[in-house]
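One structure below.
Along the sequence shown, the residues carry numbers beginning at 1. These numbers come from a predicted model, not from an experiment.
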Amino acid sequence: MTDVTSDAAATRLRRSPLHERHTAAGAKFAPFGGWEMPLEYAGGGVLKEHTAVRTAVGVFDVSHLGKARVSGPGAADFVNACLSNDLRRIGPGRAQYTLCCDDATGGVVDDIIAYLYADDHVFLIPNAANTAEVVRRLRAAAPESVTVTDEHEAYAVLAVQGPRSGELLAALGLPTEHGYMSFSAATLAGVELTVCRTGYTGELGYELVVPAEHAVAVWDALFAAGEAFELRACGLAARDTLRTEMGYPLHGQDLSLDITPVQARSGWAVGWDKQAFWGRDALLAEKAAGPRRTLRGLVAVDRAIPRPGMTLHVGDEQVGVVTSGTFSPTRKQGIALALLDTDAKLADGDEVEIDIRGRRAPLTLTKPPFVTPSVR
C-alpha cells in the first residue's frame, strides 16, 4: 500500500461512508482495492493500534470489502456448486469461509465469507478488488431462477476486534453470545444491522454489516461507549500485521489465480466430497500428484524483516519466495509466509536464508499461527 498524495488520485478511488470521521481522527489514507482507506491514525500508529486489538478492543472500517447477494429458489445450492467450501456443513444463521476458484486451473479468483440466510438467500463478502469479477462469474453461471446482485457500496462493514469486543457490544445492547462464524440481526442507534462473530485478527471479534447511510450513527455509538473499554480506531496497516501473525492469507499475495488452495494449504476450505465446484478437477489432480510448492511460515533468527517478493535460499539454491512478511509487534521479530518448493524437502525447524538487498539473513521454518489465537 502507498499513500494517496494528490486530489487527482483520490478522485479515482471510492470512499467509505465514514471518510469524514477518519479525516477528523487524523487518518493517514492509502489506496486499497480501488478505495481510499485509513492506513493508520494520528496519536497511535500501527504499533498502538495492533496492541489495542491484542489487549483491549479496536475497530476497523473495512467497508471496502465487497458485498453481493445471491437470491431466488435454489440460491444456496447454486452457490455450493460454484464455490469451494460445502454450505451443507452449516445451516441458516452461520457464515463460512470459502474460495472462488478458476474452473480450468484451480487458481483462486478470491476468498470470500458466505452468510447463509436460507436456501434461497446467500450474502457474500468478497475482497474489494475482486468483487466485480466474482459477481461476473456467478451471474454468467446462474440459472434463471437465481439473481446475483452487486451491493458493494450499499453496506459498510465495521470489524470490532479484541478481548474486550464482547463487553463493548454488550454495553450497547448488541448480541454477543452466538458461536464463532454465526450471525444475527440486531438494532443499534435505531439502525438495523447484522452482527457476525468473525474477524481477521485472531482475537475475539465481531463484524457489523450496516446500511451505508447509517454507518456514521453506528460508528459514533461505538465510540460514545468505547472509552470505558479502551476502544481505538485501527487502520489497514495494523490489520495486516495482525492477520500475518495469525498466518491468515491475503488474496493477491498468499492466494491468487497463480496460487491454488492446495499450494496455500487452504484445502480445509474445500469440500472435496462435493460433486461440483469450480476448479474441482484441477484441484483433485493437484492434490493427488502433490503441489510443486506450498505456503509455509518463517520466523527471523536475527533482526531481519522479510518483505513480499524477497527470495529464499538454501546455499546457492533458490527454494522459494516471501508472499507476506512484516515485523511482528507481538513477538518483536520478523515473520513471513512464503511459497517454498516441495522438492527442497524442508521441514519445520529447518533454516533458510533470505536475500535482503544482497545480504543473507537466516529464518526458521515454523508452522503458523505465530501467536496463540483467541478467536474462539
Side-chain angles (χ1 to χ4, degrees), residues 1-54 56-67 125 127-129 131 151-162 164-165 168-169 172 174 188-189 191 193-195 198-201 203 205-227 229-243 250 329:
M1 292 182 284
T2 56
D3 292 344
V4 175
T5 55
S6 70
D7 291 339
T11 58
R12 293 193 293 270
L13 300 171
R14 290 172 167 172
R15 285 180 168 178
S16 160
L18 293 162
H19 186 85
E20 291 184 3
R21 288 292 186 270
H22 301 319
T23 300
K28 178 182 180 181
F29 292 96
F32 196 87
W35 291 64
E36 185 183 9
M37 298 300 294
L39 185 66
E40 59 183 81
Y41 293 85
V46 178
L47 293 180
K48 287 188 177 180
E49 293 169 19
H50 181 108
T51 301
V53 174
R54 290 281 182 246
V57 58
V59 59
F60 301 82
D61 177 9
V62 289
S63 299
H64 63 296
L65 293 177
K67 304 95 190 170
I125 299 188
N127 286 292
T131 300
E151 300 185 359
H152 200 156
E153 296 188 74
Y155 293 92
V157 182
L158 305 181
V160 183
Q161 301 284 298
R164 304 196 71 184
S165 58
L168 170 57
L169 295 194
L172 290 166
L174 292 175
L188 175 61
V191 178
L193 49 80
T194 300
V195 180
T198 52
Y200 196 47
T201 65
E203 296 294 336
Y206 305 81
E207 291 183 314
L208 312 181
V209 182
V210 184
E213 63 271 23
H214 299 303
V216 169
V218 173
W219 180 269
D220 289 348
L222 287 169
F223 278 91
E227 185 175 356
F229 305 96
E230 303 176 84
L231 177 66
R232 182 180 287 273
C234 301
L236 296 184
R239 191 168 184 258
D240 192 59
T241 56
L242 289 157
R243 71 93 190 168
L250 176 66

For this session: Evaluate the side-chain proximity of R15 to F29: yes if any heavy-atom separation is below 4.5 Å, no if none is.
Result: no

For this session: Could you tell me whether the side chain of D61 and the main chain of S63 form a donor-acceptor pair under 3.5 Å?
Result: yes

Problem set entry | Pairwise distance CZ(R243) to OG1(T201) - rounded to 0.5 angstrom | 12.5 Å

Problem set entry | Audit row: L18, L158, side-chain contact (heavy atoms from CB on, under 4.5 Å) steps and yes/no | CA-CA 10 Å; L18 293 162; L158 305 181; 3.4 Å; yes

Problem set entry | Atom pair CG/CD of L168 and E227 - distance to nearest 0.5 Å | 12.0 Å

For this session: Check each of V195, V59, L172 against V160 using the side-chain contact (heavy atoms from CB on, under 4.5 Å) test, and report the only one that passes.
Result: V59

Exercise. Quick check: does any side chain N or O of E36 sit under 3.5 Å from a backbone N or O of S16, one acting as donor and the other as acceptor?
Worked result: no

For this session: Would you give the length of the straight line joining atom CG of L208 to atom CG of L169, rounded to the nearest 0.5 angstrom?
Result: 6.0 Å

For this session: Take V210 and V157, measure what side-chain contact (heavy atoms from CB on, under 4.5 Å) needs, and give me the verdict at the end.
Result: CA-CA 6 Å; V210 184; V157 182; over 6 Å; no

Exercise. Taking side chain as C-beta onward, heavy atoms only, is L231 less than 4.5 Å from F223?
Worked result: yes

Exercise. Quick one: are W219 and H22 in side-chain contact, heavy atoms under 4.5 Å?
Worked result: yes

For this session: To the nearest 0.5 Å, tell me how far H64 NE2 sits from L236 CG.
Result: 5.0 Å

Seminar exercise, completed: Taking every heavy atom of S165 against every heavy atom of Y206, the minimum-distance pair comes out as OG-CE1, 3.6 Å

Exercise. Between P211 and V191, which heavy-atom pair has the shortest distance, and what is it?
Worked result: CD-CG1, 4.2 Å

Exercise. Is there side-chain contact between T241 and E49, with at least one heavy-atom pair below 4.5 Å?
Worked result: no

Seminar exercise, completed: When rounded to the nearest 0.5 Å, the distance separating CZ of F32 from CG of D240 is 7.5 Å

For this session: Go through the steps for V62 and R239 under the test side-chain contact (heavy atoms from CB on, under 4.5 Å), then give the verdict.
Result: CA-CA 10 Å; V62 289; R239 191 168 184 258; 3.5 Å; yes

Exercise. What are the two closest heavy atoms between A217 and A189, and how far apart are they?
Worked result: O-CB, 4.2 Å

Exercise. Would you say L250 and Y200 make side-chain contact, with heavy atoms under 4.5 Å?
Worked result: yes

Exercise. Is the shortest heavy-atom distance from the side chain of E230 to the side chain of V57 under 4.5 Å?
Worked result: no

Problem set entry | Flag if over 12 foreign heavy atoms under 6.0 Å of CD, E20 | no

Seminar exercise, completed: Looking only at heavy atoms, the pair that brings F60 and C234 closest together is CE2-CB, 3.4 Å

For this session: Could you check if a side-chain atom of L193 sits within less than 4.5 angstrom of a side-chain atom of L174, using non-hydrogen atoms only?
Result: yes

Problem set entry | Where A128 and W35 come nearest, the two heavy atoms and their spacing | CB-CD1, 4.1 Å

For this session: Evaluate the criterion side-chain contact (heavy atoms from CB on, under 4.5 Å) for residue pair R54 and E203; output intermediate values, then yes/no.
Result: CA-CA 7 Å; R54 290 281 182 246; E203 296 294 336; 3.1 Å; yes

Exercise. If you round to the nearest 0.5 Å, how far is CG of L13 from NE2 of H19?
Worked result: 10.0 Å

Exercise. Less than 4.5 Å apart, any side-chain heavy atom of V53 and any of R232?
Worked result: no

